[in-house]
A.B. asks: 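This structure is in structure tokens; I'll ask about it shortly.
Computed from heavy atoms alone, side chains included, the values below leave out hydrogens, waters and symmetry copies. Remember, predicted model here, so these are calculated numbers, not experimental data.
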Amino acid sequence: MDLTDVRKDYSFGTLNESDLLASPFDLLKQWVQQAIDSNIQDPTAMALSTCSLSGSPSIRMVLAKKIDDIGIHFFTNLESRKGKEIKENPQASCNFYWRELERQVCIEGICEPLFQDEVITYFHKRSRNSQLAAWASKQGAKIESRKILEEEFKKYENQFKGKEIDLPPYWGGFVLKPFHIEFWQGRKARLHDRFCYEKTKTHWNVYRISP
């Protein structure tokens, strides 16, 4: 399968020094909001990459649920592969990509566990079916058939019928606290605009890098 002729020229927009904000979090929030306003499917989806202590990387799509001046918040089964890898090695990276806007944001940082009250608050904001699925699914574990998964879901549906669904003990969240954030805007002739924010003890250094 030869893919060398599959290519695209980018011409949607630009990213100039005058477009940058003092805080990379403010710029990230602005870009996410523009993606939401553009009715892009899953505008908060990001590819999250983690790595085991042995150096084996893994990547998957997750949904960002909050962006503040600390970092990017997301939730997961703590016994999943990503949960276990983050516990072993908190260094992680993520990538937001909005094809329709010809933009991406690449982020490197350290994951820290979220406080329990934030986890509980978000868990109960999820749909009831999503809450039940968190109990029914041992994320990433081998399973013999879909029937077993559906039976587990039904079991917890009956168990919590007419009651508030408890937070599973293995379900939680993390905040990815960045030390490096790159904003990428596609441009014609592959002369893309790329700006990096590097965190120091007191501020963010900002510089343009070559495409």
A.B. asks: Return yes when atom CZ of Arg99 has more than 12 non-hydrogen atoms of other residues, nucleotides or ligands closer than 6.0 Å, and no otherwise.
C.D. replies: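 Atom CZ in Arg99 is not crowded, with 12 or fewer foreign heavy atoms closer than 6.0 Å.
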A.B. asks: Hey, what do you get for CD1 (Ile86) to CD (Glu112), rounding to the nearest 0.5 Å?
C.D. replies: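 The distance works out to 11.5 Å.
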A.B. asks: Kindly compute the distance separating OG (Ser137) from CH2 (Trp171), expressed to the nearest 0.5 Å.
C.D. replies: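 So the OG of Ser137 and the CH2 of Trp171 are separated by 12.5 Å.
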A.B. asks: The test is side chain to side chain contact (heavy atoms under 4.5 Å, CB included); show your working for Leu20 and Leu27 and say whether it passes.
C.D. replies: CA-CA 7 Å; Leu20 302 178; Leu27 185 55; 4.0 Å; yes
A.B. asks: Can a donor-acceptor pair be found, under 3.5 Å and without considering hydrogens, that links the side chain of His192 to the backbone of Arg187?
C.D. replies: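 Yes, the answer is positive, given that a donor and an acceptor are paired below the 3.5 Å cut-off.
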A.B. asks: For Asp9 and Lys188, which heavy atoms make the closest approach, and how far apart are they?
C.D. replies: OD1-CA, 3.4 Å
A.B. asks: Can you hop from Phe179 to Phe74 via hydrophobic side chains spaced under 4.5 Å?
C.D. replies: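 Phe179 and Phe74: separate clusters.
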A.B. asks: Taking everything shown except Arg146 itself, do over 12 heavy atoms lie less than 6.0 Å from its CZ?
C.D. replies: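 Open: at most 12 neighbouring heavy atoms sit under 6.0 Å from CZ of Arg146.
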A.B. asks: Considering all heavy atoms of both residues, which atom of His203 and which atom of Asn205 are nearest to each other, and what is their separation?
C.D. replies: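 Where His203 meets Asn205 most closely, the heavy atoms are NE2-OD1, 3.0 Å.
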A.B. asks: Name the orientation class of the two ring planes belonging to Phe75 and Tyr122 (parallel below 30°, tilted from 30 to 60°, perpendicular beyond 60°).
C.D. replies: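 Ring orientation, 0 to 90° scale: parallel.
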A.B. asks: Let me confirm one number: the CG-CG distance from Asp19 to Asp193, rounded to the nearest 0.5 Å.
C.D. replies: 8.5 Å
A.B. asks: Apply the ring pair (Phe, Tyr, Trp, His ring centres under 6.0 Å) test between Trp135 and each candidate in Phe123, Phe160, Phe153; give the one that qualifies.
C.D. replies: Phe160
A.B. asks: Taking the basic N atoms (NZ, or NE/NH1/NH2) and the acidic carboxylate oxygens, is any pair closer than 4.0 Å for Lys147 and Glu150?
C.D. replies: no
A.B. asks: Determine, step by step, whether Gln116 and Leu167 satisfy the side chain to side chain contact (heavy atoms under 4.5 Å, CB included) criterion, reporting the C-alpha distance in whole Å, the side-chain angles of both residues, the deciding distance to 0.1 Å, and the verdict.
C.D. replies: CA-CA 10 Å; Gln116 190 77 343; Leu167 176 74; 3.4 Å; yes
A.B. asks: Please check if atom NZ in Lys199 has more than 12 non-hydrogen atoms from other residues, nucleotides or ligands closer than 6.0 Å.
C.D. replies: yes
A.B. asks: Identify whether the distance between the nearest side-chain nitrogen and carboxylate oxygen of Glu157 and Lys154 falls below 4.0 Å.
C.D. replies: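 Yes.
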A.B. asks: For Tyr10 and Trp184: C-alpha separation, side-chain torsions, deciding distance, then whether ring pair (Phe, Tyr, Trp, His ring centres under 6.0 Å) applies.
C.D. replies: CA-CA 12 Å; Tyr10 300 94; Trp184 181 99; 5.5 Å; yes
A.B. asks: Just by distance, do the side chain of Tyr170 and the backbone of Ala134 share a donor-acceptor pair under 3.5 Å?
C.D. replies: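 The answer is yes, because a donor-acceptor pair under 3.5 Å joins these two groups.
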A.B. asks: Say whether Phe183 and Trp204 are linked into one hydrophobic cluster, either directly or through other cluster members, by side-chain heavy-atom distances under 4.5 angstrom.
C.D. replies: yes
A.B. asks: Roughly how far apart are Gln139 CD and Leu78 CG, rounded to 0.5 Å?
C.D. replies: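 Output value for this atom pair is 10.0 Å.
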A.B. asks: Can you tell whether the side chains of Lys138 and Glu79 come within less than 4.0 Å, N to carboxylate O?
C.D. replies: no
A.B. asks: Is the side chain of Asn16 donor-acceptor paired with the backbone N or O of Ser18 at a distance under 3.5 Å, no angle test?
C.D. replies: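 Absent.
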A.B. asks: Any idea which heavy atoms bring Leu176 and Ala92 closest together, and the distance?
C.D. replies: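 Here Leu176 and Ala92 meet closest at CD1-O, 3.9 Å.
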A.B. asks: Leu132 and Val119: same hydrophobic cluster, using ILVMFWY side-chain contacts below 4.5 Å?
C.D. replies: yes
A.B. asks: Are side-chain heavy atoms of Lys84 and Thr50 found at a separation under 4.5 Å?
C.D. replies: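 Heavy-atom side-chain distance check fails, nothing below 4.5 Å.
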A.B. asks: So do the side chains of Val62 and Thr76 get within less than 4.5 Å of each other, counting heavy atoms only?
C.D. replies: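 No, every pair of side-chain atoms sits at 4.5 Å or beyond.
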A.B. asks: Does a donor on one side chain sit under 3.5 Å from an acceptor on the other, for Asp37 and Gln33?
C.D. replies: yes
A.B. asks: Testing the basics here: between Ile72 and Ala64, what is the closest heavy-atom pair and its distance to 0.1 Å?
C.D. replies: CG2-CB, 3.7 Å
A.B. asks: How far does CD of Gln104 sit from CE of Met46, to the nearest 0.5 angstrom?
C.D. replies: 15.0 Å
A.B. asks: Decide yes or no on side chain to side chain contact (heavy atoms under 4.5 Å, CB included) for Leu28 and Phe96, but give the supporting numbers first.
C.D. replies: CA-CA 10 Å; Leu28 177 58; Phe96 290 90; 4.2 Å; yes
A.B. asks: Any link between Val105 and Phe25 through a network of hydrophobic side chains (Ile, Leu, Val, Met, Phe, Trp, Tyr) touching at under 4.5 Å?
C.D. replies: yes
A.B. asks: Please give me the minimum heavy-atom distance between Arg126 and Gln131, naming the atom from each residue.
C.D. replies: O-NE2, 3.0 Å
A.B. asks: To the nearest 0.5 Å, how far apart are CD1 in Ile67 and NZ in Lys29?
C.D. replies: 8.0 Å
A.B. asks: Is there a path of hydrophobic side-chain contacts, each under 4.5 Å between heavy atoms, that joins Ile107 and Trp31?
C.D. replies: yes
A.B. asks: Taking all non-hydrogen atoms of both residues, which atom of Glu102 and which atom of Ser11 are closest, and how far apart?
C.D. replies: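 Heavy-atom minimum between the residues: OE1-N, 2.9 Å.
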A.B. asks: Testing Ser52, Ser58, Ser49 one by one against Glu85 for a side-chain hydrogen bond (donor to acceptor under 3.5 Å, both in side chains), which residue passes?
C.D. replies: Ser58
